[in-house]
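Start at 1 with the first residue, then count along the sequence. Only this structure's heavy atoms are used, side chains among them; waters, hydrogens and symmetry mates stay out.
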Amino acid sequence: MRRFAPLLLALPLLACGDDDESSSSFPTAVADQAISNYKVLVNSNYADVLTTATALKAAVAAFVASPTPVTQKAAQDAWIAARVPYGPSEAFRFYDGPIDNPDDGPEGLINSWPLDENFIDSTRDDPAAGIVNDPSAEISPASLTAINAARGEAEISTGYHAIEFLLWGQDDATPGLGAGKRASTDYTTAANFERRKQYLTVVTDLLLTNLQQVADQWKPGAANYAAQFGVTAVESGANPQQEAISDLLKSIGSMAKAELSGERMTVAYSHKDQEDEHSCFSDNTSVDLLGNGLGIQNVWLGRYGTVDGVGVQDVVNAADPVLAAKTTTDLEAAVGKLQELANLQKAGTPFDVIISAADADPNRKIMLDAITALKTVGGDVEQAAG
């Protein structure tokens with residue numbers, strides 16, 4: 001859910017049993033191992049997502065109970081920590097799985113961006129704006145879910161970035177002056193502070209609920225999505241292993257070539273506008289982007305944390321070792337460039353400074369190199385899918 005139409009990668013579909021030559025050459029045994037390991041990997045990643053989201057909920061509750069600069073900083077730190085495992089988990093999207101299936105996938109309630117701040121709360125230009133400052137507006141899980149992007153893709157009411165805005169406030173209009181500087185007194189003496197507390201509490205609880213919904217579909221030993229993935233084909237007569245591997249290639253290819261290099265980086269690079277920045281209120285964007293890149297690499301290699309098994313690369317390697325090796329190398333180079341951007345953020349040069357710089361600026365060159373490298377990876381994955 002974006003202000004810009006998503007540019008999903010048009011990957012070639014793997015044969016689904018209707019081509020004898022393709023079916024007979026497909027490495028089913030390796031694919032079975034990769035699919036099994038993928039389920040373990042996803043479950044492990046989402047377990048960390050839930051752990052950090054639970055910690056965020058506790059930190060927000062402590063802040064709301066006693067709003068001070070100290071408790072506010074603790075809640076902000078918990079938000080930053082929660083983004084660390086969530087970023088890699090975005091590589092599990094784009095194939096209508098539990099996170100973003102068209103029926104009840106909650107991705108739009110979890111990580112939608114960019115959002116219009118004044119849809120939620122007061123802004124510099126409109127102190128009376130938003131749901132928080134409208135006494136007639138209901139603040140409940142049901143009401144915030146119902147209105148999320150209902151009238152426009154920027155009218156976001158829920159998710160990580162709504163929480164981010166409520167904790168940090170608006171990003172400064174001038175790049176380089178740091179993250180948002182919301183005062184803790186917004187939750188003690190400012191107009192409608194009790195409603196602001198209520199909103200932050202509800203939206204944080206709702207985030208954990210929506211994340212739990214997704215995580216439950218990947219738990220082992222349950223009658224859920226994971227139990228059927230790679231076992232039962234979605235399309236009649238299809239090869240379930242080929243279908244599953246096709247989904248994984250689609251997910252990492254779309255993330256590399258369309259979402260990450262395109263929506264999240266090229267748009268901001270071209271427009272030089274911090275409103276296109278993924279996590280603008282906290283200035284955490286570059287670290288977020290690194291997390292997305294690591295997620296692509298995790299799926300490709302079959303690893304996450306202590307999980308280290310058969311990955312998509314092994315399936316591709318069985319068909320084309322040269323392409324598999326090239327993709328691994330290209331992906332390592334892309335992640336390396338994203339790491340450079342994250343290092344710049346940690347050293348005091350955030351994403352908004354980089355995108356607003358002159359084209360000759362060396363940091364902006366690093367960003368362009370990262371975009372180019374990710375598009376190369378997307379091209380590799382297109383070939384792998386074929």
Donor-acceptor pair, Arg364 side chain versus Tyr269 backbone, under 3.5 Å?
yes
Contact check, side chains of Trp300 and Thr328, non-hydrogen atoms, under 4.5 Å: yes
*Just by distance, with hydrogens left out, do Asp288 and Ser279 show a side-chain donor and acceptor under 3.5 Å apart?*
yes
Practice problem: For residues Gln217 and Gln213, determine if any side-chain heavy atom of one lies less than 4.5 Å from a side-chain heavy atom of the other. | Solution: no
When Lys375, Lys257, Lys326 are each screened for salt bridge (charged side-chain N to carboxylate O under 4.0 Å, His left out) with Asp380, the one that passes is Lys326
- prompt: Between Gln339 and Asn343, do the side chains contain an N or O donor and an N or O acceptor separated by less than 3.5 Å?
  reply: yes
query: Given Ile99 and Ile110, is the side chain to side chain contact (heavy atoms under 4.5 Å, CB included) satisfied, shown in steps?
result: CA-CA 9 Å; Ile99 183 69; Ile110 292 173; 3.9 Å; yes
Are the side chain of Arg93 and the backbone N or O of Ser251 linked by a donor-acceptor pair below 3.5 Å?
no
When rounded to the nearest 0.5 Å, the distance separating CG of Asn37 from OG of Ser44 is 10.5 Å
- Message: If hydrophobic clusters are built from ILVMFWY residues whose side chains come within less than 4.5 Å, do Leu41 and Val231 share one?
- Response: no
When rounded to the nearest 0.5 Å, the distance separating CG of Asp352 from CG of Asp276 is 12.0 Å
Nearest heavy-atom approach of Leu249 to Ala385 is CD1-CA, 3.6 Å
Show me the donor-acceptor pairs within less than 3.5 Å that the side chains of residues 52-65 make with the rest of the protein, sequence neighbours left out.
residue : atom : partner : partner atom : Å
Thr52   : OG1  : Asp48   : O            : 3.0
Thr52   : OG1  : Val49   : O            : 3.1
Thr54   : OG1  : Leu50   : O            : 2.7

Parallel, tilted or perpendicular: which fits the ring planes of Trp79 and Tyr160, with parallel below 30° and perpendicular above 60°?
perpendicular
Short N-O contact, Lys219 and Asp216, less than 4.0 angstrom: yes
Thr123-Gln170 side chain donor-acceptor pair, cut-off 3.5 Å: no
(Q) Closer than 3.5 angstrom, by distance alone: can the side chain of Gln241 be matched with the main-chain N or O of Phe26 as a donor-acceptor pair? (A) no
Minimal heavy-atom distance between Val377 and Ala256, with the atoms involved, is CG1-CB, 4.1 Å
Rounding to 0.5 Å, atoms CD (Glu117) and OG (Ser122) come to a distance of 10.5 Å
Looking only at heavy atoms, the pair that brings Ala91 and Val299 closest together is CB-CG2, 4.1 Å
When every non-hydrogen atom of Ala268 is compared with those of Ile355, the smallest separation belongs to O-CB, 3.8 Å
Heavy-atom nearest pair, Pro67 first then Lys197, reads CG-CE, 3.8 Å
Notebook entry, point to check: Do Phe193 and Arg196 come close enough that some side-chain heavy atom pair is under 4.5 Å?
Noted result: yes
Closer than 4.0 angstrom, basic N to acidic O: yes or no for Asp359 and Lys272? yes
* Group every Ile, Leu, Val, Met, Phe, Trp and Tyr by side-chain heavy-atom contacts under 4.5 Å, then state whether Leu289 and Val287 land in the same group. => no
Is there a donor-acceptor pair under 3.5 Å between the side chain of Arg182 and the backbone N or O of Phe165? yes
Interatomic distance, CG@Leu338 vs CE@Met265, rounded to 0.5 Å, equals 5.5 Å
When rounded to the nearest 0.5 Å, the distance separating CD1 of Ile139 from CD of Gln198 is 4.5 Å
*asked:* If we count only N and O atoms by modelled type, under 3.5 Å, do the side chains of Gln33 and Asp314 hold a donor and an acceptor together?
replied: no
Problem set entry | Validation row: Arg195, Asp121 side chains within 4.5 angstrom (heavy atoms) | no
**Asked** Hey, are the side chains of Leu290 and Leu341 touching, using non-hydrogen atoms and a 4.5 Å cut-off?
**Response** no
Would you find a donor on one side and an acceptor on the other, under 3.5 Å apart, between the side chain of Asp116 and the backbone of Glu155? no
Check: Asn298 side chain, Leu294 main-chain N or O, donor-acceptor pair, under 3.5 Å
yes
Query raised in the report: Do Val234 and Val42 belong to the same hydrophobic cluster, where Ile, Leu, Val, Met, Phe, Trp and Tyr are linked whenever their side-chain heavy atoms lie under 4.5 Å apart, directly or via other members?
Result: no
Margin query: Please check this pair: side chain of Ser246 against backbone of Gln242, looking for a donor-acceptor N/O pair closer than 3.5 Å.
Written below: no
Closest non-hydrogen contact found for Asn45 with Ser89 is OD1-N, 3.5 Å
Point to revise | In one Ile/Leu/Val/Met/Phe/Trp/Tyr side-chain cluster, 4.5 Å: Val84, Ile296 | key: no
Exercise. Is any NZ, NE, NH1 or NH2 atom of the basic residue among Glu164 and Arg83 found under 4.0 Å from an Asp or Glu carboxylate oxygen of the other?
Worked result: no
Donor-acceptor under 3.5 Å (Asn292 side chain, Gly87 main chain): yes
(message) Same cluster or not: Val70 versus Leu167, using hydrophobic residues (I, L, V, M, F, W, Y) connected whenever any side-chain heavy atoms lie under 4.5 Å apart?
(response) no
> Does a side-chain heavy-atom distance below 4.5 Å link Asp205 with Pro141?
Replying inline: no
### Message
Check this for me: Lys181, atom NZ, are more than 12 non-hydrogen atoms of other residues, nucleotides or ligands nearer than 6.0 Å?
### Response
yes
Output for pair (Asn363 CG, Leu368 CG), nearest 0.5 Å, gives 13.0 Å
Any side-chain donor near an acceptor of the partner, Asn284 and Gln345, under 3.5 Å: yes
Problem set entry | Minimum side-chain heavy-atom gap Met367-Phe351 below 4.5 Å | yes
Q) Would a distance-only check, ignoring hydrogens and angles, find a side-chain to backbone donor-acceptor pair under 3.5 Å from Glu243 to Glu235? A) yes
Backbone N/O of Glu138 and side chain of Ser143: donor-acceptor pair under 3.5 Å:
yes
Residues 221-259 vs ring-ring contact (aromatic ring centres under 6.0 Å, His included), sequence neighbours excluded, gives Tyr38-Phe229, Tyr95-Phe229, Trp218-Tyr225, Trp218-Phe229, Tyr225-Phe229
query: Side-chain contact, heavy-atom cut-off 4.5 Å: Gln297 with Arg303?
result: yes
